Amino acid sequence: MARHIVKVSAVVLRTRRMGETSKLVTLYTAEYGKLKVVAKGARKPRSRYGAALELFNEIQAVCYLRDGRDLHTLSDGDASLTHPSLSRDMERLVFASAACELIDSVTLEGESNDRLFQCLTGVLRGLEEVRQAQLEPLFWYFQIRAASALGYRPELVQCVSCRRHPDGSWRWFSAAHGGVVCSRCNAGGAIRMAGESLAFLARLQAIRTYKADVIPSLPQGAEEIRDVLRHFLAHYGGGRGGLRALECIDRLNGCTRVPAASHDRLPAES
Ligand SMILES: [Zn+2]
């Protein structure tokens, strides 16, 4: 079986114990997309990996890839960027975990997507920098960018069907149609949201950076924005838009939310 050695830039998405001393590590790499690697001896006290394989770290990894296999071997890994403040703050930790979980759930092994890699490194760096009130808008921005990187850029301004700008104070968002539909084109199954909430999402979509000086603070109507994005990602993420990490965010916020999958869809306006 062909085996080749590669050096890749990667983010540590997930780690799990393996045997007595090793770790099974899920990496998201710029060059090969998601890779599962075995880091032999990584749990030994004086492992050569040190703390390089901590969650969210950006690392330079040397891997042995085996053609036709899902599981590869890590031969070396050095952290090029760590995110210490993500593990010190519960809310930052939860959003960082949700970002990694989202990438893990919407990707397959070995399919590279450089834009998605940039989304992941961008949001993890941003989550360290922004103020508390910007954390969730930053995560929404990441969700919109990730959807675009996967080829599902939501249309947030014009009706996806007739290209008109919807009027009135309410908008309809249809995950199946990939964005906003006007009341005339809504054939059912769309979620109703306030015009201001949609405008907020459109404003996020127009941003081009994860930096703290451009990410807005949490707006009014956060709940419906959350629901629309979850519904949208559940639709395109193969029904796995319900991220476990986000349930922690709900608990942190002290509210119970309707899961995206069972969202109460409003009928079409007549
Ligand atoms: Zn229309």
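Order of appearance sets the numbers: ligands from 1, and atoms from 1 within every ligand. Since the structure is predicted, the reported quantities are computational estimates derived from the model, not experimental observations. The figures here come from the full heavy-atom set of this structure, side chains too, leaving out hydrogens, waters and symmetry mates.
Neighbours of the Zn ion (ligand 1) restricted to protein N, O or S atoms under 2.8 Å: the count is 4.
The residues Glu196 and Arg203 are annotated as not salt-bridged, no charged nitrogen and carboxylate oxygen being separated by less than 4.0 angstrom. A salt bridge is defined here as a Lys NZ or Arg NE, NH1 or NH2 lying under 4.0 Å from an Asp or Glu carboxylate O, and Asp70 with Lys36 fails to meet this definition.
At least one donor-acceptor pair closer than 3.5 Å links the side chain of Ser97 to the backbone N or O of Leu93. At least one donor-acceptor pair under 3.5 Å links the side chain of Gln205 to the backbone N or O of Pro154.
Side-chain contact annotation: Arg66 with Thr73, donor-acceptor N/O pair under 3.5 Å present. Between His177 and Asn186, the side chains place no donor N or O within less than 3.5 Å of an acceptor N or O (distance only, hydrogens not considered).
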